[in-house]
Amino acid sequence: MKPFSYGILYGTIVIFVFASLCSLVFSLVLRFSSLTEASLQLSITIASFLVLFIGGFISGKLSGNRGWLSGGATGLLYSLVMLLYQYLGHDSVFHFEQFVYHLCFIITATMGGVLGVNMSSGK
């Protein structure tokens, strides 16, 4: 149970660290260039999916087995933290578009977890 829990925890921490770094980079680009947020929307979305995949991958690699479950739990934990932050911090609930994004985030983290387990076991 410990490796499974640690995998989910470390995967989620990696997601938040990489997301913070990406956020910093994008905010600096927006601040010091003539680009608008709308012009970077696709790049931000791709970076988000990549970060969730990496977090799921690390979760699956550290868990060692049941990658779909560890990756999915990592994506779900990330989505729940975002929901709580948005609801408690900004007094707003998920809209349908955000729900779809977070469902895709969970699926992406799940795929990362499956690949992480398969890469760690040498199959």
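Throughout, residue positions are numbered sequentially from 1 according to the sequence presented. FYI, side chains are in, hydrogens and waters are out, and symmetry mates aren't considered; it's all heavy atoms of this structure. Note that the structure is predicted; figures quoted are calculated from it, not measured.
Between Met119 and Phe57, some side-chain heavy-atom pair lies under the 4.5 Å cut-off. Annotation: side chain of Leu50 is not in contact with side chain of Phe18 (no heavy-atom distance under 4.5 Å). Taking 4.5 Å as the limit, some side-chain heavy atom of Ile58 sits within range of a side-chain heavy atom of Ile54.
For the atom pair OG1 of Thr36 and CG of Leu40, the computed distance is 7.0 Å after rounding to the nearest 0.5 Å. For the atom pair Lys61 NZ and Leu115 CG, the distance stands at 9.5 Å (nearest 0.5 Å). Here the straight-line distance linking atom CG of Leu52 with atom CD1 of Ile15 works out to 4.5 Å at 0.5 Å rounding. Note that CD1 of Ile8 is 12.0 Å distant from CD1 of Ile13, once rounded to the nearest 0.5 Å.
The cluster map of Ile, Leu, Val, Met, Phe, Trp and Tyr, joined by side-chain heavy atoms under 4.5 Å apart, puts Phe105 and Leu21 in the same cluster. The cluster map of Ile, Leu, Val, Met, Phe, Trp and Tyr, joined by side-chain heavy atoms under 4.5 Å apart, puts Leu9 and Val81 in the same cluster.
Other members of the hydrophobic cluster containing Val100, listed by chain and number, are Phe96; membership follows side-chain contacts under 4.5 Å among ILVMFWY residues, whether direct or relayed. Side-chain heavy-atom separations under 4.5 angstrom define the hydrophobic clusters, and the remaining members of the one that includes Leu80 are Leu76, Ile106.
Phe26 meets the ring-ring contact (aromatic ring centres under 6.0 Å, His included) test with no other residue; sequence neighbours excluded.
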What verdict does the side chain to side chain contact (heavy atoms under 4.5 Å, CB included) test give for Leu28 and Leu24, after you've listed the backbone C-alpha separation in whole Å, the side-chain angles of each residue and the deciding distance to 0.1 Å? CA-CA 6 Å; Leu28 290 173; Leu24 177 67; 4.2 Å; yes
Given the rule in the side chain to side chain contact (heavy atoms under 4.5 Å, CB included) test, do Gln98 and Met82 qualify, once you have shown the distances and angles that lead to the verdict? CA-CA 10 Å; Gln98 290 173 309; Met82 288 293 102; over 6 Å; no
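Sorted by first and then second residue, the pairs that involve residues 68-84 and meet side chain to side chain donor-acceptor pair (under 3.5 Å), not counting sequence neighbours, are Ser59-Thr74, Ser79-His102. Here side chain to side chain donor-acceptor pair (under 3.5 Å) pairs that include residues 41-52, with residues two or more places apart or in two chains, number zero. Residue pairs satisfying the side chain to side chain donor-acceptor pair (under 3.5 Å) criterion with at least one member in residues 6-27, sequence neighbours excluded, are absent.
Crowding of Phe16 atom CZ: a count of heavy atoms from other residues, nucleotides or ligands under 6.0 Å exceeding 12.
Nearest heavy-atom pair, Cys22 versus Ala47, reported as atom, atom and distance to 0.1 Å: SG-CB, 4.3 Å.
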